[in-house]
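Only heavy atoms go into these numbers, but all of them, side chains included; no hydrogens, no water, no symmetry mates.
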Amino acid sequence: MSEPQLWHDVDDYFTGLLAPPDAALTEALRDSDAAGLPQINVAPNQGKLLHLLAVIQGATRILEIGTLGGYSTIWLARALPEDGRLITLEYSEQHAEVARHNLARAGLDKITEVRVGPALIGLQALAEEDPAPFDVVFIDADKVNNPRYVEWALKLTRPGSLIILDNVVREGAVTDATSDDPSVRGTREALDLFAAHPKVSATAIQTVGVKGYDGFALARVLP
């Protein structure tokens with residue numbers, strides 16, 4: 001058995017046992033596929049991890065940068081109390097419409113808001129609203145702007161908040177300091193920011209599974 005097949009089999013086992021699909025999640029993936037969205041959503045067991053992290057955090061406010069079809073948004077929003085709030089930023093109007101439909105079907109449209117447009121513009125507009133700090137920020141958008149997204153996440157959170165940066169391994173390419181791949185360079189700059197910032201404690205984890213060889217960074221905002 002090849003390693004990738006073994007990774008898939010283990011993910012399938014964990015998912016079936018610990019993160020079994022339900023109608024809202026299954027239909028969110030189905031409708032995303034039918035609309036031609038790229039199949040780059042988080043894996044089910046990774047979605048469950050996001051959910052658990054938000055629950056452990058006691059999150060009442062969540063910011064997501066990169067919505068796609070709303071699959072990860074559903075996992076995160078389900079961690080919120082009835083009076084919680086999740087704002088998610090999506091570049092594509094087509095993707096946003098799919099996400100809104102998926103969130104409404106999951107019964108989460110009252111506590112979620114999908115905002116459309118370039119995330120950096122959306123983040124500036126959000127900051128101008130002077131919102132209450134977010135307890136969790138999940139960054140899963142274009143990797144070129146990862147450093148800017150991390151900077152905004154730090155401005156929009158509070159001591160004790162959690163920042164999750166997805167897709168940081170890039171199949172191992174993140175180790176190449178000479179890479180000319182904009183996604184690798186953006187990811188390395190974001191990790192350098194975590195490492196150098198005096199009010200951040202962070203780590204990064206490699207993962208293998210149905211999404212291949214990748215990983216995520218986890219950062220806590222310090223007082």
Side-chain angles (χ1 to χ4, degrees), residues 11-12 15-16 18-55 57 59-126 129 131-132 134-143 145 149 152-153 156 162 164-167 209-212 214 216:
D11 258 9
D12 288 344
T15 295
L18 302 171
D22 58 40
L25 291 167
T26 299
E27 290 167 0
L29 293 178
R30 181 200 65 200
D31 285 1
S32 294
D33 289 344
L37 274 60
Q39 295 181 340
I40 55 174
N41 47 272
V42 300
N45 53 344
Q46 295 168 346
K48 182 67 175 289
L49 175 62
L50 292 174
H51 173 82
L52 288 173
L53 288 171
V55 170
Q57 185 70 3
T60 61
R61 292 179 52 80
I62 298 174
L63 173 63
E64 181 182 50
I65 305 173
T67 316
L68 197 61
Y71 182 76
S72 57
T73 320
I74 292 172
W75 277 111
L76 286 164
R78 284 177 169 177
L80 290 170
E82 290 185 2
D83 60 347
R85 188 71 175 160
L86 184 151
I87 295 174
T88 181
L89 308 180
E90 172 53 47
Y91 179 81
S92 165
E93 178 62 48
Q94 179 201 6
H95 295 181
E97 281 304 310
V98 174
R100 290 188 185 109
H101 178 73
N102 287 333
L103 289 164
R105 182 170 50 207
L108 298 167
D109 50 316
K110 298 295 190 296
I111 61 171
T112 60
E113 178 185 359
V114 183
R115 299 189 179 188
V116 180
L120 292 178
I121 295 176
L123 288 164
Q124 176 67 54
L126 180 60
E129 297 171 15
F134 291 94
D135 307 302
V136 173
V137 178
F138 178 47
I139 303 172
D140 189 14
D142 60 295
K143 312 310 171 187
N145 283 311
Y149 296 149
W152 275 113
L156 293 167
L162 193 64
I164 307 160
L165 178 65
D166 204 11
N167 306 128
V210 296
K211 296 300 178 180
D214 209 336
F216 63 93

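By the 4.5 Å heavy-atom criterion applied to side chains, Leu126 and Phe134 are counted as neighbours. Using a 4.5 Å cut-off on side-chain heavy atoms (C-beta onward), Leu49 and Trp75 make no contact. Counting only heavy atoms from C-beta outward, the side chains of Arg30 and Asp33 never approach each other to under 4.5 Å. No side-chain heavy atom of Leu86 sits less than 4.5 Å from a side-chain heavy atom of Leu108.
No donor-acceptor pair under 3.5 Å is formed between the side chain of Arg115 and the backbone N or O of Ile87. A donor-acceptor contact shorter than 3.5 Å is absent between the side chain of Lys110 and the backbone of Asp83. Judged by distance alone, with hydrogens and angles left aside, the side-chain atoms of Asp166 form no donor-acceptor pair with the main-chain N or O of Asp140 at under 3.5 Å. Checked by atom type and distance alone, the side chain of Glu90 pairs as donor or acceptor with a backbone atom of Thr67 at under 3.5 Å. In this structure, the side chain of Asp135 engages the main chain of Arg61 through a donor-acceptor pair within 3.5 Å. Remark: side-chain polar atoms of Asn102 are not paired, donor with acceptor, to backbone N or O of Gly70 under 3.5 angstrom.
A distance of 10.0 Å separates CZ of Phe138 from CZ of Phe216, quoted to the nearest 0.5 Å. Note that the CZ atom of Arg85 and the CD1 atom of Ile62 stand 12.0 Å from one another [nearest 0.5 Å]. Note that CG of Leu53 is 5.0 Å distant from CD1 of Ile164, once rounded to the nearest 0.5 Å. To the nearest 0.5 Å, atoms CZ (Arg100) and CD (Glu113) are separated by 8.5 Å. For the atom pair OH of Tyr71 and CG of Leu50, the computed distance is 10.0 Å after rounding to the nearest 0.5 Å. A distance of 9.5 Å separates CG in Asn41 from CD in Gln46, rounded to the nearest 0.5 Å.
Not counting sequence neighbours, Glu82 has no partner by the side chain to side chain donor-acceptor pair (under 3.5 Å) test. A search for side chain to side chain contact (heavy atoms under 4.5 Å, CB included) contacts involving Asp214 returns Asn167, Val169, Thr207, not counting sequence neighbours. Take Pro118 and apply the side chain to side chain contact (heavy atoms under 4.5 Å, CB included) test, not counting sequence neighbours, and it matches Tyr91, Ile121. In terms of the side chain to side chain donor-acceptor pair (under 3.5 Å) criterion, residue partners of Glu64 (sequence neighbours excluded) are, by chain and number, Ser72, Thr73, Thr88. For Thr15, there are no side chain to side chain donor-acceptor pair (under 3.5 Å) partners, not counting sequence neighbours. Checked against side chain to side chain donor-acceptor pair (under 3.5 Å), His51 has no partners two or more places apart in sequence or in another chain.
Contact between Ala54 and Leu76 at its shortest, heavy atoms only, is CB-CD2, 4.4 Å. Nearest heavy-atom pair, Gly69 versus Ser32, reported as atom, atom and distance to 0.1 Å: CA-OG, 3.6 Å. Summarising the geometry of Val114 relative to Ala96, their closest heavy-atom pair is CG1-CB, 3.7 Å, with the distance given to 0.1 Å. For the pair Leu18 and Lys48, the tightest heavy-atom approach, listed with the atom from each and the gap, is O-NZ, 2.7 Å. For the pair Ala153 and Val137, the tightest heavy-atom approach, listed with the atom from each and the gap, is CB-CG1, 3.9 Å. Of all heavy-atom pairs between Ile111 and Pro81, the closest is CD1-O, 4.5 Å.
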Trace of the side chain to side chain contact (heavy atoms under 4.5 Å, CB included) decision for Ile74 with Thr112 | CA-CA 9 Å; Ile74 292 172; Thr112 60; over 6 Å; no
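Environment of CD in Gln39: sparse, with no more than 12 heavy atoms of neighbouring residues, nucleotides or ligands closer than 6.0 Å.
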